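See below for the structure under consideration.
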Amino acid sequence: MKVEQIPPNRLAAPAKNGLGSKAPNLARTPEPKRTTMVTAVVRSLEAAAIDDALDLFAILMQVKLISSAKRATNNDRLSTLPRLEKASRVITAVWRVLSEELGLVEEHGTDLDVAALWRAVETVAPREEVNAVAATVEDLARPGTTGPRWRSARCWPPGTTRSVRS
């Protein structure tokens, strides 16, 4: 009978006995049982070596390929931050001017003068620059990061957040 035809669970007990035995005890074991034990031990160690090799391969793949790809992505992301920071400063200044002007309109109860609003914005930056920095922020900001973070949170214990709606 070929060893491949024997189910692995049938080889487990002789492998366990063979791995736990000392060499003199194995030498005293009668021949058919000794061959069975040694064969089972070899098959068991072979399977363990293959499992270890696959685990090592997975770790190497993670370290060599995936980690370097993450580092490259992070470096690309970091290289865009100065542009995003500059554009964000301009947008923040424009928002402050707009907020102030809209507050004055509301306070005095006057009609909104769009031309005056644009003149106030252009004290910070020209229209073209405002449009350009808005496009820069839109291009560089990560999509999908504006919503609440709790939407993706796992509910534990079950039923504790049934009343929360997203």
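Quick caveat: nothing in here was measured; it's all calculated off a predicted structure.
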Quiz item: Leu60, Leu54: one ILVMFWY side-chain cluster at the under-4.5 Å cut-off?
Solution: no
Quiz prompt | Leu84 side chain near Thr136 side chain, heavy-atom distance below 4.5 Å | solution = no
Quiz item: More than 12 non-hydrogen atoms from neighbouring residues, nucleotides or ligands closer than 6.0 Å to CH2 on Trp95, yes or no?
Solution: no
Quiz item: Would a hydrophobic clustering, with Ile, Leu, Val, Met, Phe, Trp and Tyr connected at side-chain separations under 4.5 Å, put Val42 with Met37?
Solution: no
Quiz item: So do the side chains of Leu140 and Leu81 get within less than 4.5 Å of each other, counting heavy atoms only?
Solution: no
Exercise. State whether a side-chain donor-acceptor pair under 3.5 Å links Arg28 with Asn25.
Key: yes
Quiz item: Any side-chain heavy atom of Arg83 within less than 4.5 Å of one from Asp139?
Solution: yes
Practice problem: Report the distance from atom CG of Leu117 to atom CD of Glu122, rounding to the nearest 0.5 Å. | Solution: 10.5 Å
Quiz item: Is Glu85 salt-bridged to Arg89, cutoff N-O under 4.0 Å?
Solution: yes
Exercise. Check whether any side-chain heavy atom of Val121 lies under 4.5 Å from a side-chain heavy atom of Arg127, and answer yes or no.
Key: no
Quiz item: Is there a chain of hydrophobic side chains (I, L, V, M, F, W, Y, each step under 4.5 Å between heavy atoms) that links Leu102 to Leu104?
Solution: no
Exercise. Give a yes or no on whether Glu106 atom CD has more than 12 heavy-atom contacts from other residues, nucleotides or ligands under 6.0 Å away.
Key: no
Quiz item: Taking the side chain as C-beta and beyond, is there a heavy-atom pair between Thr35 and Thr39 under 4.5 Å?
Solution: yes
Practice problem: Taking Thr36 for its side chain and Pro32 for its backbone only, find out whether a donor-acceptor pair lies under 3.5 Å. | Solution: yes
Quiz item: Is there a path of hydrophobic side-chain contacts, each under 4.5 Å between heavy atoms of I, L, V, M, F, W or Y residues, that connects Leu112 with Leu98?
Solution: yes
Exercise. Identify the two heavy atoms, one from Ala120 and one from Val97, that lie closest to each other, and give their separation to 0.1 Å.
Key: O-CG1, 3.4 Å
Quiz item: Is the closest side-chain heavy-atom distance between Arg119 and Asp113 below 4.5 Å?
Solution: yes
